[in-house]
**Q** 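Here it is, the structure, as structure tokens.
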Amino acid sequence: MQNISILSQTSPYIRKETSTKRMMFDVLIALTPVVFFSIYRFGLDALARILVSLIIFVGVEALYFLSVTRVDGYNFKDKIKNKFKKYSINNFSAPAVSAVIYAMLLPNQLHLYVVVMGALFGAAIGKMIFGGLGMNIFNPAAAGRVFIALAFTTFFTGSYGFIDAAAGATALSTSFPEVLNSYSLIDLLVGNIPGSMGEINSLAILFGLAYLLIRKSADYRPVLSGLLIFTALATVAGFILHPTLVFEYVIFQLLSGGLLFGLTFMITDPSTSPITRPGRWWFGLIVGSLVFFIRSFGSLPEGVAFALLFGNLMVPLLDYPMWANNRFTKKFYISFSLVFVALVALTFVILGGYAI
């Protein structure tokens, strides 16, 4: 492995030069337009679910910290006081980020009991079970969202506000191009559609992405890689399925669902993404292609959280020291290009572009 310094240190294992504190607060600032829009759009429903998520995520982190932190003290009260002296801003900001992201993945009328269960699962099982701050291998928000999607599926029925009777709970619930009869592409851009609270306003998400990239608090590589492969696959699908509406189909796929939100706030999570620069390109390729395949061939209209968790599973493989390299070699360019082309060709064949 070249140009990589392996250091022995305690968590959080953030693989960037910027500090954890600055990075977490940058993400919270980037989330501000999305959060404000969700409160404007859904009112107290959104605010209540954000606050509940914050209480659970921050509370679980605090309880875990108090449980595992060892300090000296003459009595129990003295020990608790000394433990809180070690409690840093990172122990608040990191779970706060996860909490807000998790809340933004939810429909505005989802029962608060389900919100609590997902937050508990994401914080405890998705993060604390691995050792806490910076040691988790799965994105906590995605873990919580997938858990309630599988365990409390029936609670999602009727939990989306502002539903168009013809178009369904989200824009992806209706087939293309019929969905354009209910929502225009501008509606998709500015959030005039039903869906999860933080995923519907693409413009607000793009503002957050621009801020993170300018501040260098997010790595552009997994974002760009995921966006490129998804756009390429959607373009192929557009030419085959809707040859007269290719542009509209691609833009619809990009702006609907949780793709942009996931690429902006979730795939860029530094503690659950690969160490190396080439590894982050592979990571984006995995997540972006899986999102498209789940949307196009799966039983679910959306699959960003599922795709992200699968991508998280691949990170140890991408970081394996035997082949992990921080340099962009000829081998990387060839293998990445071949896989990219193979995915495009596979999509072309599966969609009937060429009969085997």
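Position 1 is the first residue of the sequence; numbering continues from there.
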**Q** Quick check on the hydrophobic clustering: are I55 and V97 connected, directly or via other members, by side-chain heavy-atom contacts under 4.5 Å?
**A**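 No, separate clusters.
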
**Q** Let me confirm one number: the CZ-OG1 distance from F261 to T264, rounded to the nearest 0.5 Å.
**A**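 These two atoms lie 8.5 Å from each other.
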
**Q** Show the atom names and distances, to 0.1 Å, of all donor-acceptor pairs under 3.5 Å that link a side chain in residues 147-156 to residues at least two apart or in another chain.
**A**
from : atom 1 : to   : atom 2 : distance (Å)
T153 : OG1    : A149 : O      : 2.6
T153 : OG1    : L150 : O      : 3.4

**Q** For residues 220-243, which side-chain N or O atoms pair as donor and acceptor with protein atoms under 3.5 Å away, sequence neighbours left out?
**A**
from : atom 1 : to   : atom 2 : distance (Å)
R221 : NH1    : D219 : OD1    : 3.1
R221 : NH1    : D219 : OD2    : 3.1
S225 : OG     : W281 : O      : 2.6
S225 : OG     : L285 : N      : 3.1
T231 : OG1    : L227 : O      : 2.7
T235 : OG1    : T231 : O      : 2.7

**Q** So, for M104 and S38, which heavy atoms are closest and what is the spacing to 0.1 Å?
**A**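 Looking at all heavy atoms of both residues, the closest pair is CE-OG, 3.5 Å.
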
**Q** How about F328: does its CZ atom have over 12 heavy atoms from other parts shown lying under 6.0 Å from it?
**A** yes

**Q** Would you list the atom pairs, donor with acceptor, under 3.5 Å between side chains in residues 202-210 and any protein atom, with sequence neighbours excluded?
**A**
from : atom 1 : to   : atom 2 : distance (Å)
S202 : OG     : L188 : O      : 3.4
S202 : OG     : L255 : O      : 3.2

**Q** Are I214 and L212 linked, directly or through other ILVMFWY residues, by side chains that come within less than 4.5 angstrom of each other?
**A** no

**Q** Please list, one pair per line, the donor and acceptor atoms closer than 3.5 Å that link side chains of residues 330-343 to other protein atoms, with sequence neighbours excluded.
**A**
from : atom 1 : to   : atom 2 : distance (Å)
S335 : OG     : K331 : O      : 2.8
S335 : OG     : F332 : O      : 3.1
S337 : OG     : Y333 : O      : 2.7

**Q** Going hydrophobic residue to hydrophobic residue with side-chain gaps under 4.5 angstrom, can you get from V60 over to Y113?
**A** yes

**Q** Could you state whether L63 and I89 fall into the same hydrophobic cluster, counting links through intermediate Ile, Leu, Val, Met, Phe, Trp or Tyr residues with side-chain heavy atoms under 4.5 angstrom apart?
**A**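 Unlinked, L63 and I89 end up in two clusters.
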
**Q** Who are the side chain to side chain donor-acceptor pair (under 3.5 Å) partners of R295, not counting sequence neighbours?
**A**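 Partners of R295 under the side chain to side chain donor-acceptor pair (under 3.5 Å) test: Q253, E302.
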
**Q** Side chains of residues 117-134: which donor-acceptor pairs under 3.5 Å do they make with residues two or more places apart or in other chains?
**A**
from : atom 1 : to  : atom 2 : distance (Å)
K127 : NZ     : E61 : OE1    : 3.0

**Q** I'd like to know whether Y102 forms a side-chain contact (heavy atoms from CB on, under 4.5 Å) with V115, so could you lay out the CA-CA distance, the side-chain angles of the two residues, the decisive distance to 0.1 Å, and finally the verdict.
**A** CA-CA 9 Å; Y102 167 73; V115 177; 4.1 Å; yes

**Q** Would you say I267 and L313 are hydrophobically clustered, going by side-chain heavy atoms of ILVMFWY under 4.5 Å?
**A** yes

